[in-house]
Number of protein chains: 2
Amino acid sequence: MAAPSDSDERSDAEQAIMKATYRALCKHGYANLTIHAIAEEYGKSTAAIHYHYDTKDDLLAAFLSYLLDRFISRVHEVETTAPRERLDSLLDRLLTEREGYQDFMTAMLEMRAQAPYNDAVREQFQRNDEYTRYLLKTVIADGTDSGVFNADDPAHAAEALMLIVDGARNRYPSLDDEDALAEARETAREYVEHVLMAE
Amino acid sequence: MAAPSDSDERSDAEQAIMKATYRALCKHGYANLTIHAIAEEYGKSTAAIHYHYDTKDDLLAAFLSYLLDRFISRVHEVETTAPRERLDSLLDRLLTEREGYQDFMTAMLEMRAQAPYNDAVREQFQRNDEYTRYLLKTVIADGTDSGVFNADDPAHAAEALMLIVDGARNRYPSLDDEDALAEARETAREYVEHVLMAE
């Protein structure tokens, strides 16, 4: 599986548009996200956005790809190769509260709920998910090889952890469950400790 | 905590409208759900629906309450009092594929994603979630008292299982992850077996 590029090959303009998209999503939610609202955050005309992205769907798929690249570059900053520490840092990254996160997660859940109706967006969500599961599966398989973990099926273990992560992404905005991220981090820890760790 | 009524006190008309709402949601999705579409499934006029439910939000909150009552009445059919068997039957009920489920889960995820913008719907989702967690917590606490389980914090264990359930409800429609329910059932089994069961 080819890893997405670690260095950001987006032009300065494209990076600025991605950041403007993030702010517009937090401010307006997904249902009210327009190219106009993004242009307002970008500080330029809608034409300046359409120069880079033909349609809103193209822009949204590019935005999801941008989020994946950011996630990957943060994950690559972690310098340890010890499987347990690498797995913990992946889970920390996936399940840590950040400033403005409630608004962002609310908008992302809306976008996911619309994914069944939007091929470009659904396919990019699937790519992001596949790559994240690949990172989890690899560290779990490495840890099993070196005797730290004891996973019969690293692919299932990776999916199990993603179920917990996606449960938090569902509960946090839709039930206003402020503790969902912390509860999910603890549930993932229990899964690692009791299901994955070798005796 | 007062349990919702086990017997269905809805009138025949109200029950027929709830069933029509289910079919309309599966057919049209949440974004395109109108009182007109429900009336079409019901086989009567929109006025016949508005006689029972003032607004679409009232109807949707009533529909979520109807789903909870159906879930509870199915759960009450289980005759064993053995904690492990009762917990397994709750998890089976929450994580079993049913006919037409993909369309229904797609519509429900849309409705959940809109919950942050709709007080009546969000509050009813919260009540449904609270009651389901209460059922899980009670059986886990009973099992801990009788020495079958070994849960330090039954409320957290109930939330952990709900994270796995809601992960499947998120992944199944948004990632087109057909295996999400079976993977989640296996993950819940691992959690029960390795985290909750007494040595």
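Below, read A as the first sequence line, B as the second, and so on, with proteins coming before strands; counting in each chain starts at 1.
A donor-acceptor contact closer than 3.5 angstrom links the side chains of B:E190 and A:H156.
Enclosure of atom CD in A:E178 is not indicated, since only 12 or fewer non-hydrogen atoms of other residues, nucleotides or ligands lie within 6.0 angstrom. Within 6.0 Å of NZ in A:K56 there are more than 12 heavy atoms belonging to other residues, nucleotides or ligands.
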When the side chains of residues 107-117 of chain B are checked against the rest of the protein, which donor-acceptor pairs come out under 3.5 Å, sequence neighbours left out?
{"unit_1": "B:E110", "atom_1": "OE1", "unit_2": "A:Q114", "atom_2": "NE2", "d": "3.4"}
{"unit_1": "B:E110", "atom_1": "OE1", "unit_2": "B:A31", "atom_2": "N", "d": "3.2"}
{"unit_1": "B:E110", "atom_1": "OE2", "unit_2": "A:Y117", "atom_2": "OH", "d": "2.7"}
{"unit_1": "B:E110", "atom_1": "OE2", "unit_2": "B:Y30", "atom_2": "N", "d": "3.1"}
{"unit_1": "B:R112", "atom_1": "NE", "unit_2": "A:N170", "atom_2": "OD1", "d": "3.0"}
{"unit_1": "B:R112", "atom_1": "NE", "unit_2": "A:S174", "atom_2": "OG", "d": "3.1"}
{"unit_1": "B:R112", "atom_1": "NH1", "unit_2": "B:D166", "atom_2": "OD1", "d": "3.1"}
{"unit_1": "B:R112", "atom_1": "NH2", "unit_2": "A:N170", "atom_2": "OD1", "d": "3.4"}
{"unit_1": "B:R112", "atom_1": "NH2", "unit_2": "A:S174", "atom_2": "OG", "d": "3.1"}
{"unit_1": "B:R112", "atom_1": "NH2", "unit_2": "B:D166", "atom_2": "OD2", "d": "3.4"}
{"unit_1": "B:Q114", "atom_1": "NE2", "unit_2": "A:E110", "atom_2": "OE1", "d": "3.4"}
{"unit_1": "B:Y117", "atom_1": "OH", "unit_2": "A:E110", "atom_2": "OE2", "d": "2.7"}

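Distance CD/A:E123 to CG/B:L175: 12.0 Å, rounded to 0.5 Å.
Per-residue counts of heavy-atom pairs under 4.5 Å with chain B were compared for A:E193, A:M162, A:Q102; the largest is that of A:M162.
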Inset, instruction - Before giving the answer on side chain to side chain contact (heavy atoms under 4.5 Å, CB included), spell out for B:L163 and A:R171 the whole-Å C-alpha distance, their side-chain angles and the decisive distance to 0.1 Å. - result: CA-CA 8 Å; B:L163 280 159; A:R171 296 178 64 79; 3.7 Å; yes
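Placement of A:V78 and A:L68 in two distinct hydrophobic clusters is found when ILVMFWY residues are connected by side-chain heavy-atom separations under 4.5 Å, directly or transitively. Clustering ILVMFWY residues whenever any of their side-chain heavy atoms sit less than 4.5 angstrom apart, transitively, puts A:Y51 in a cluster other than the one holding A:I35.
Considering only heavy atoms from C-beta on, A:D176 comes within 4.5 Å of B:Q126 through its side chain. Put simply, the side chain of B:Y191 reaches to within 4.5 Å of the side chain of A:T187, judged on heavy atoms. For the pair A:E159 and B:E186, the minimum side-chain heavy-atom distance is 4.5 Å or more.
Using a 4.5 Å cut-off between heavy atoms, A:D129 touches chain B through its side chain atoms alone.
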